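First listed ligand is number 1; within each ligand, the first listed atom is number 1. Small disclaimer: the values here were computed from a predicted structure and weren't measured.
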Amino acid sequence: MLQLRPNCECCDKDLPPDSMDARICSYECTFCRACAEVVLQGACPNCGGELVRRPIRPASRLAKHPASTQRVLKAQGCGRVA
Ligand SMILES: [Zn+2]
Ligand SMILES: [Zn+2]
């Protein structure tokens with residue numbers, strides 16, 4: 001079952017479970033659409049896997065299986081040249 005993490009690992013943007021802008025890899029590294037498409041160019045910076053749109057969990061199911069509230073953030077950011 002997906003954790004449905006609450007934020008983008010790159011920019012810390014909120015990604016609620018009903019967001020159409022959430023992108024994940026097979027390990028569920030989670031990014032917003034802007035970071036996934038522009039900064040990361042569709043590849044996960046942690047594992048190199050592809051990033052796809054995270055499916056929406058229906059609200060009726062969220063009550064039973066709530067989304068994760070544990071924020072994950074990459075300490076070094078994502079690929080931007082400092
Ligand atoms: Zn982002
Ligand atoms: Zn990954």
Side-chain angles (χ1 to χ4, degrees):
M1 184 168 66
L2 294 177
Q3 298 171 37
L4 303 173
R5 293 178 188 169
N7 68 310
C8 171
E9 279 193 33
C10 288
C11 68
D12 202 28
K13 176 185 159 81
D14 286 335
L15 294 170
D18 64 351
S19 172
M20 293 292 286
D21 283 343
R23 298 291 183 274
I24 59 172
C25 77
S26 70
Y27 295 100
E28 218 179 332
C29 308
T30 303
F31 305 96
C32 70
R33 183 171 68 174
C35 289
E37 292 179 357
V38 178
V39 180
L40 305 173
Q41 309 230 318
C44 175
N46 301 324
C47 69
E50 69 181 311
L51 295 171
V52 300
R53 191 179 72 78
R54 186 177 69 187
I56 305 296
R57 182 171 300 166
S60 61
R61 296 286 159 169
L62 274 172
K64 196 173 178 187
H65 302 293
S68 168
T69 56
Q70 192 175 349
R71 301 179 82 85
V72 177
L73 193 60
K74 277 180 78 66
Q76 326 87 310
C78 287
R80 283 192 192 83
V81 179

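Counting all heavy atoms, side chain and backbone alike, Tyr27 lies closest to Arg5 at O-NH2, 3.9 Å. In this structure, Leu40 and Cys10 approach most closely via the heavy-atom pair CD1-SG, 4.0 Å.
Residue Cys10 does not count as close to the Zn ion (ligand 1), with no N, O or S atom under 2.8 Å. None of the N, O or S atoms belonging to Cys78 lies under 2.8 Å away from the Zn ion (ligand 1).
To the nearest 10 degrees, the Zn ion (ligand 2) sees SG of Cys47 and SG of Cys25 at an angle of 100°. Computed with the Zn ion (ligand 1) at the centre, the Cys32 SG to Cys11 SG angle is 110°, stated to 10 degrees.
A donor atom on one side chain and an acceptor atom on the other are found under 3.5 Å apart for Asp12 and Asn7.
Sulfur-sulfur distance for Cys11 and Cys35: not below 2.5 Å, with no disulfide indicated.
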